[in-house]
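Naming convention: chains lettered A, B, ... in sequence-line order (proteins, then strands); numbering from 1 in each chain.
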Amino acid sequence: MPVAASTPFPVLCLAGATASGKTSLALAMAKALGGAIINADSRQIYADFPLICAQPTPEEQAQAPHYLYGILPSTAKISAGEWCHLAHDAIVSARKQHLVPILVGGTGMYFQALLHGIVPIPPIDPALRATLEARMDAEGPLALYGELEACDPSYAKSIHQNDRQRIVRALEVFHQTGHPFSWWHHQKSLQQPFCQGPLYVIAASLDWLEPRIRARIDSMMESGALKEAKEAFARCPNTEAPAWSGIGCWELLAYLRGRVSLDEALALWCKHTRAYAKRQNTWFRGRKEAIFFQPKQEADLLAHAVQDWDRLQKGVFQG
RNA sequence: GCCGAGGUAGCUCAGUCGGUAGAGCGGGGGCCUGAAAAGCCCUGUGUCAGCAGUUCAAUUCUGUUCCUCGGCA
């Protein structure tokens, strides 16, 4: 069942591209407001890559209560909806301790689901997806796209015929539920957000981010990123597992397996991180509810947060 | 110094049997409803090394200069 509260929980959200300085700003917010930090990052939730995926360090985590960091094994799948359930529990727990829930991360879709809700499509039978994916491999995207055009023309029109992931998703939903994917999207009454609050976004340009990304990768290497990848591989040799899709994970593994030189691995890691940051910026730029801050505007952000939290408490926050 | 191979988009290169050029990568822009650190789309004018010659027309042929890389000294 969807997690939906009749009155949405008040929360503060802090988002931004990777390496934009979310972790330290979140800590400052938590200290200023008496807050708990709740992870809204799809990779930092895994236990095997704390360094490579840039979880807050143990020292940082000791400075305020932290939730949902490093709680899943690499093989566990998580989805936006499942994350919402976990976040819900964390928020309830924080509120019981009179802590301000501060959601922090770079996964735009998680914030989307949290603040706008997500349609309650039932879980899909893994065998159904496996069948569709096998057909996708065998028949190519065009064949399945044609089927989608037949059963859900409006959604088909909204995606590209090469978008294998979304074609499979839309078909599996149709086959399992009997309703087109787009039908579900229109059930706005079923899509209730269970949180409300401001979405602060750190607006960091790629030019500003790039040297930080390089420096961070260097410091991760010094702190033992290679060892982390090696140990993660020993624990989870299936590199198809969800946690392995974190940027830097397979790049380092490729080096450990002798497929690329260390320099090449680090260059790829950096390049992929930069491309990811660009996608994140594009996503957040388009959020109409986002409130943007420059990386150095910590004081402004804190003042805003104090004021917004006050309004949320009084029930006069305008999302 | 001689011989050979090259100098074309930020990079690696293709190509034009003479009619001013195009791929990959990078870069830029964008999409996103339960995989989202995922998946997907759009986007290529550059003295075709310089100069001169032949030609209606040269990046393409010829000569020459410069530079790079091999080989021989």
Quiz item: Nearest 0.5 Å, what's the SG-CZ distance between A:C13 and A:R287?
Solution: 13.0 Å

Practice problem: For A:I124, report the nucleic acid contact type (base, sugar-phosphate, nothing); a contact means any heavy atom under 4.0 Å. | Solution: nothing

Quiz item: For the pair made of OH in A:Y145 and P in B:C41, what is the distance, rounded to whole Å?
Solution: 12 Å

Exercise. Report the distance from atom CD1 of A:I159 to atom P of B:G30, rounded to the nearest whole Å.
Key: 21 Å

Quiz item: Does the side chain of A:Q63 come within less than 4.5 Å of A:I37's, by heavy atoms?
Solution: no

Quiz item: With side chains defined as the heavy atoms from C-beta onward, is the minimum distance between A:Q55 and A:Q61 less than 4.5 Å?
Solution: yes

Quiz item: Can A:R135 and A:E147 be counted as an ion pair, charged N to O under 4.0 angstrom?
Solution: yes

Self-check item: For atom CG of A:N39 and atom P of B:A37, their distance in whole Å
Solution: 11 Å

Self-check item: Rounded C1' spacing from B:G63 to B:G71 in Å
Solution: 26 Å

Self-check item: A:K314: partners by salt bridge (charged side-chain N to carboxylate O under 4.0 Å, His left out), with sequence neighbours left out
Solution: A:D310

Self-check item: Positions of residues 164-182 of chain A (non-hydrogen atom under 4.0 Å from RNA chain B), listed by number
Solution: A:Q165, A:R166, A:R169, A:F181

Quiz prompt | Atom C1', compared across B:G28 and B:G44: separation rounded to whole Å | solution = 11 Å

Quiz item: Reading RNA chain B 5' to 3', how would its secondary structure be written in dot-bracket notation, given Watson-Crick and G-U pairs with both distances under 3.5 Å, brackets [ ] for crossing pairs and | for partners on other strands?
Solution: (((((((..((((.....[..)))).(((((.......))))).....(((((..]....)))))))))))).

Quiz item: Between A:W183 and A:H179, what is the ring plane arrangement, given parallel below 30°, perpendicular above 60°, and tilted in between?
Solution: parallel

Quiz item: Any side-chain N or O of A:N162 less than 4.0 Å from the OP1 or OP2 oxygen of B:G39?
Solution: no

Quiz item: Say you pick atom C1' in B:C72 and the same atom in B:G53; how far apart are they, in whole Å?
Solution: 33 Å

Quiz prompt | Sole candidate of A:Q280, A:R274, A:R216 that passes side chain to side chain donor-acceptor pair (under 3.5 Å) when paired with A:T18 | solution = A:R216

Exercise. Using heavy atoms and a sub-4.0 Å distance, could you list which residues of residues 217-248 of chain A are near RNA chain B? By number, please.
Key: A:S245, A:G246, A:I247

Quiz item: In whole Å, what is the span from the CG atom of A:L132 to the C1' atom of B:A35?
Solution: 15 Å

Practice problem: Could you pull out all residues at least two apart from A:R311 that satisfy salt bridge (charged side-chain N to carboxylate O under 4.0 Å, His left out)? | Solution: A:D308

Quiz item: How far, in whole Å, is B:U55 from B:U12 if one measures between their C1' atoms?
Solution: 34 Å

Exercise. Name every residue in residues 258-285 of chain A that has at least one heavy atom under 4.0 Å from any atom of RNA chain B, in order of residue number, or write none if there are no such residues.
Key: A:K271, A:R274, A:Y276, A:K278, A:R279, A:T282, A:W283, A:R285

Quiz prompt | A:C53 side-chain proximity, nearest of B:U33, B:A37, B:A35 | solution = B:A37

Exercise. Please state the C1' separation for the pair B:G1 and B:G10 - nearest whole angstrom.
Key: 36 Å

Quiz item: Using the P atom in both, what is the distance from B:C61 to B:C48, to the nearest Å?
Solution: 15 Å

Exercise. Under 4.0 Å from any atom of RNA chain B, heavy atoms only: list the residues of residues 105-113 of chain A that qualify, in numerical order.
Key: A:G106, A:T107, A:M109, A:Y110

Exercise. Under 4.0 Å between any heavy atoms, over every strand shown, what does A:Y155 touch: base, sugar-phosphate, or nothing? Just pick one.
Key: sugar-phosphate

Quiz prompt | side-chain hydrogen bond (donor to acceptor under 3.5 Å, both in side chains) against A:N238, all qualifying residues, sequence neighbours excluded | solution = none

Quiz item: What distance, rounded to whole Å, do you find between the two P atoms, one in B:A5 and one in B:U64?
Solution: 15 Å

Practice problem: Using the closest heavy atom to pick a nucleotide of RNA chain B for each, name whichever of A:K77 or A:G286 lands nearer the 5' end. | Solution: A:G286

Quiz item: Where do A:V168 and A:E133 come nearest, in terms of heavy atoms and distance?
Solution: CG1-CG, 4.2 Å

Quiz item: Could you state the CH2-C1' distance from A:W83 to B:A37, rounded to the nearest angstrom?
Solution: 15 Å

Quiz item: How do A:Q44 and A:S158 order along RNA chain B: which one's closest nucleotide is nearer the 5' end?
Solution: A:S158

Quiz item: Given atom CG of A:D125 and atom C1' of B:G34, what is their separation to the nearest angstrom?
Solution: 15 Å

Practice problem: Take atom CD of A:E210 and atom P of B:G28, then tell me their distance rounded to the nearest Å. | Solution: 8 Å

Quiz item: Who are the side-chain hydrogen bond (donor to acceptor under 3.5 Å, both in side chains) partners of A:R285, not counting sequence neighbours?
Solution: none

Quiz prompt | Close side-chain approach of A:T107 to A:W83, heavy-atom, < 4.5 Å | solution = no

Practice problem: Assess whether side chain to side chain donor-acceptor pair (under 3.5 Å) is satisfied between A:S93 and A:Y67, documenting all intermediate values. | Solution: CA-CA 10 Å; A:S93 165; A:Y67 291 89; 2.9 Å; yes

Quiz item: Sequence neighbours excluded, which residues qualify as salt bridge (charged side-chain N to carboxylate O under 4.0 Å, His left out) partners of A:R129?
Solution: A:E172

Quiz item: For the ring pair A:Y145 and A:H160, is the centre-to-centre distance below 6.0 Å?
Solution: no

Self-check item: Gap between atoms NZ and P, on A:K157 and B:C32 respectively (whole Å)
Solution: 16 Å

Self-check item: Test of ring centre spacing under 6.0 Å for A:F293 and A:H304
Solution: yes

Quiz item: Listed by chain and number, what are the side-chain contact (heavy atoms from CB on, under 4.5 Å) partners of A:I71, not counting sequence neighbours?
Solution: A:I45, A:L68, A:L86

Practice problem: Kindly state whether the pair A:H160 / B:C31 counts as stacked, where counting means centroids closer than 5.5 Å and planes tilted less than 30° apart. | Solution: no

Quiz item: Considering only the P atoms, how many Å lie between B:U45 and B:G34, rounded to the nearest integer?
Solution: 38 Å

Practice problem: Just call it for A:E133: base, sugar-phosphate, or nothing, with non-hydrogen atoms closer than 4.0 Å on any strand. | Solution: base

Quiz prompt | Partner set under salt bridge (charged side-chain N to carboxylate O under 4.0 Å, His left out) for A:D163, not counting sequence neighbours | solution = A:R166

Quiz item: What is the nucleic acid contact for A:L206, judged by heavy atoms within less than 4.0 Å: base, sugar-phosphate only, or nothing?
Solution: sugar-phosphate

